Amino acid sequence: MFKRTGLRITKRLIHDVPKLKGQYKYETSGIEGLYSPEGFKGAWTDYQKFLTMNLTLLTNGTENEFKSPYQILLNTAKQTTEQHIFHYASQAHNNHFVFQQLTNKSEASKTQPSRNLMGRINDMGFKNLQELYDQIVKLSETMNGQGWIFLVENPDKSLKLIQCNNDGTPYFYGKNQSLDLNGGISEQTYEKYLELKNQVEENSRDFTLPILGINLWDHAYINDYGINGREEYLKNLWSSLNWDVINGRLFEL
Amino acid sequence: MSLRLIFKRYQSYSLSKFSNLEELKLNTSDFKGLFKYSTLNELYFQRGEKIVNELNLQLIENKISPPSSLNELIKLTINKPELIKIYNNATSLQNLNFFFENLKESSDYSFPVIDSNEILKSPILEDLEEVNNNFNIDKDLKDWIISSFGSILQFKSLLLNSAHSINGNGITWLISQPRNDESLKFSSFSSNFGNKDKLSIVNTYNNGTIDDSLRSNQLYKNQKQKELKENLKLEKEPEQQEVVEEEFNPILGTIEEAEFQNLFNEKSIIPLLAIDASPRNYLKDYGVFGNQRYLDNVWKCINWDIVKQRTPKKDSQNFSFDYE
């Protein structure tokens, strides 16, 4: 998923910011309806540079040097001594994943979820997209810190929403980081904890694949929406989603 | 202690009014050495107001007449899962107040654009003596810091590196921790400086609290509450009552039990200094690459007089510094 720049002479690999479709346009005029050029620079160009540069420095000369951020995050997720590397890999992958599904508002409005996807969303209990959005907003309000929300596909092809605190990844439930046990523990969190405990006890396999990602890190909205602008940002993000990309992430029969 | 749920005149909380910040707001001027005015306004005044409003609204919604101190409210709500929103807002407000209280303006800073080269910059090697000599604070406090951390430079490095290691939201605290409690009796550090309180540095994340005695037992209490609820349900429908066989593991208990047994009640931890390392503090003025620069500036802006005021009175009087 990530493009890496190979330097033939030194035979080293450097993680770099992947080029987005429409990157040049975004750099000069931002993503219409979502980011100004400065906002885009902060959320993508600068932040992705920050992540990939740190990833390069940390993986240089190690077995992870030649791997993509996706491979690195899977490789390091279970290694307790490599969590600093996991952070950059997981963040780089998640951020890229989210930016791939964004487009100008006018183009986004021409796209819509495929019948297949919409059917699965209905199966989750949401009558329409608005209800899914409302649920995402509700989840975002329960997240006190930084994080991500993903719509993921279960092995049985059903969909569910998961919260990932901080640098959590949607690919492996051991590192979803959906529990925030730092302060007071809500009933909701406790239920989730029991669920997780069950999964571990039953040795259940949790293969989820993300379909749609929402970035709730401050980096994603602070330049354009301010420190307290998460709600406004979410609203604009929802109308800048390129559903064609999201549809393509589901396996069509 | 329990929350009084009787309808009384609702007390509401407000954002602390610090005279230095109020003056900056009046003149719309920068917090010299740390924040531009617009950032200060969003970080403290707007965010603070938002938290205060939500907190007061939730207190009314839950018909709670709160105690006068925020700390008490935090203590009362942390173990009540249904009041989690109040707890979260109370903690956010408390942390915001605490952080801004221990800041003061320093020399001017011009906020240059910080680019990706910042990552590749070699760290500046600071001189032990120079850092020590430039650190002009109350002598008792300074001696206490040196006896706890070795030197001012070591203290500074540990404090700022701890803050830098926070990726999401979080706060790095300087705390005073009693030595004569049970948990420290077996610790290898306990004999070094007699029974004096010891200074330590801890990180908390999101709405975490430094006080483990508050934080512990939560899973256990959640479990008990759930059982209570289920029992109530069963009492209503007695015909469905069944004996539920509990799994019994003779060697290891459950996490909840371990948590319950690991009591921290003897500890009373006093926070002296808070450094908010959350990205919202540096992203606006310092940019994505500016975390380290922001923390270096925070170091220059710490108001040590306030830190001194927060130290426990008794200990600072009894304090004697034995250095060998």
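Source: prediction; values computed, not measured. So you know, we letter chains A, B, ... as the sequences are listed, proteins then strands, and number each from 1.
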What part of [X] gets within 4.5 angstrom of chain B, counting heavy atoms only: side chain, backbone, both, or neither?
{"X": "A/N228", "answer": "both"}
{"X": "A/N144", "answer": "both"}
{"X": "A/E191", "answer": "side chain"}

Problem - Positions in residues 21-35 of chain A that reach chain B, provided some heavy atom is under 4.5 Å away - result: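 From residues 21-35 of chain A, none sit under 4.5 Å of chain B.
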
Practice task
Give a yes or no on this: more than 12 heavy atoms of other residues, nucleotides or ligands lie within 6.0 Å of atom CD of B/E82.
Solution key: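 Yes - once you tally the heavy atoms of other residues, nucleotides and ligands closer than 6.0 Å, there are more than 12.
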
Exercise for the section: Evaluate whether atom NZ of A/K175 has more than 12 neighbouring non-hydrogen atoms of other residues, nucleotides or ligands under 6.0 angstrom away. Expected result: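 Yes, enclosed.
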
Part of [X] lying under 4.5 Å from any heavy atom of chain A:
{"X": "B/I74", "result": "neither"}
{"X": "B/I78", "result": "both"}
{"X": "B/Y205", "result": "both"}
{"X": "B/N88", "result": "side chain"}
{"X": "B/K85", "result": "neither"}

[atom1] of [X] to [atom2] of [Y]: how many Å apart, nearest 0.5 Å?
{"X": "A/L57", "Y": "B/L120", "atom1": "CG", "atom2": "CG", "value": "6.0 Å"}
{"X": "B/L283", "Y": "A/Y221", "atom1": "CG", "atom2": "OH", "value": "9.5 Å"}
{"X": "B/R280", "Y": "A/I222", "atom1": "CZ", "atom2": "CD1", "value": "8.5 Å"}
{"X": "A/K49", "Y": "B/S116", "atom1": "NZ", "atom2": "OG", "value": "5.0 Å"}
{"X": "B/F289", "Y": "A/N54", "atom1": "CZ", "atom2": "CG", "value": "8.5 Å"}
{"X": "A/W217", "Y": "B/N167", "atom1": "CH2", "atom2": "CG", "value": "5.5 Å"}

Exercise for the section: Determine the minimum heavy-atom distance between B/E42 and A/I227, stating which atoms define it. Expected result: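 Scanning both residues completely, I find the closest heavy atoms to be OE1-N, 2.5 Å.
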
Handout entry: Minimum heavy-atom distance A/Q146-B/G168, with the two atoms named
Key =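 Between these two residues, the closest heavy atoms are CG-CA, 3.6 Å.
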
Handout entry: B/K229 with A/E187: basic N within carboxylate O range, under 4.0 Å
Key =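 A salt bridge is present here (some side-chain N lies under 4.0 Å from a carboxylate O).
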
Problem - Residue list, side-chain contact (heavy atoms from CB on, under 4.5 Å) with B/L70, at least two apart or on another chain - result: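 Testing B/L70 for side-chain contact (heavy atoms from CB on, under 4.5 Å), a comparison that skips the adjacent residues, returns B/Y13, B/L55, B/L73, B/A90, B/L93, B/Q94, B/N97.
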
Side chain to side chain, [X] and [Y], heavy atoms closer than 4.5 Å:
{"X": "A/N182", "Y": "B/T204", "answer": "no"}
{"X": "A/L194", "Y": "B/Q223", "answer": "no"}
{"X": "A/I185", "Y": "B/L219", "answer": "yes"}

Practice task
Would you confirm whether A/D46, through its side chain, and B/V288, through its main-chain N or O, come within 3.5 Å as a donor-acceptor pair?
Solution key: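 Judged by distance alone, no pair lies under 3.5 Å.
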
Practice task
Tell me, out of B/S278, B/P81, B/G287, who's got the most heavy-atom pairs with chain A below 4.5 Å.
Solution key: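 Highest number of heavy-atom pairs under 4.5 Å: B/P81.
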
Exercise for the section: With a 4.5 Å cut-off on heavy-atom pairs, point out which of A/N223, A/D167, A/N166 contacts chain B the most. Expected result: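 Of the options given, most contacts go to A/N166.
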
Handout entry: Largest heavy-atom contact set with chain B, pairs under 4.5 Å, which of A/E141, A/M143, A/H219
Key =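 If we count pairs closer than 4.5 Å to chain B, A/H219 comes out on top.
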
